[in-house]
Amino acid sequence: MTVHAQGTLTFPELFGLPLAVDLRTAARAFGICLGTAYNLVHRGAFPCPVIRTGYRYRVPTVGLLSALGIDELPIYQDDLSPLVIEPTLPGIDWKDLS
């Protein structure tokens, strides 16, 4: 994942996130600074679920994407397997059947 010095995460970066991210990455996704993110977590007002593991905070990616209004990952044509298998009959062109 490419890390920008400043700014929010891009869509390709968001779609490439692991199952859970640290609070810094979640703050970048929302476009807020880390200090504000910690303040929101301590007040119970962070915009998505946060899990505390020891001294660290983790944010499940599914909750992060949902809070950003991204409910589903995009599906690209290249990712889909062909749903129709072309016939292999001799002398018949697939285009003739449509």
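Residue indices begin at 1 and follow the sequence shown.
- Atom CZ of Phe46 sits about 5.0 Å away from atom CD1 of Ile32, to the nearest 0.5 Å.
- Grouping the Ile, Leu, Val, Met, Phe, Trp and Tyr side chains by contacts below 4.5 angstrom, directly or via other members, places Leu64 apart from Val62.
- Among Ile51, Val41, Val21, the one residue that satisfies the side chain to side chain contact (heavy atoms under 4.5 Å, CB included) test with Val59 is Val21.
- Contact between Pro49 and Gly63 at its shortest, heavy atoms only, is CD-CA, 4.3 Å.
- Atom OH of Tyr57 sits about 14.5 Å away from atom CZ of Arg24, to the nearest 0.5 Å.
- Residues Thr36 and Asn39 have side chains that never bring a donor and an acceptor to within less than 3.5 angstrom of each other.
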How far apart are the C-alpha atoms of Arg58 and Asp22, what are their side-chain angles, what is the distance that settles it, and do they pass the side chain to side chain contact (heavy atoms under 4.5 Å, CB included) test?
-> CA-CA 5 Å; Arg58 302 294 290 171; Asp22 59 357; 3.7 Å; yes
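- The distance from the CG atom of Leu23 to the CZ atom of Arg52 is 11.0 Å, given to the nearest 0.5 Å.
- The nearest pair of heavy atoms linking Leu9 to Ala29 is CD1-CB, 3.8 Å.
- Residue Cys48 comes nearest to Ala67 through the heavy atom pair CB-CB, 3.8 Å, listed as atom of the first residue, atom of the second, then distance.
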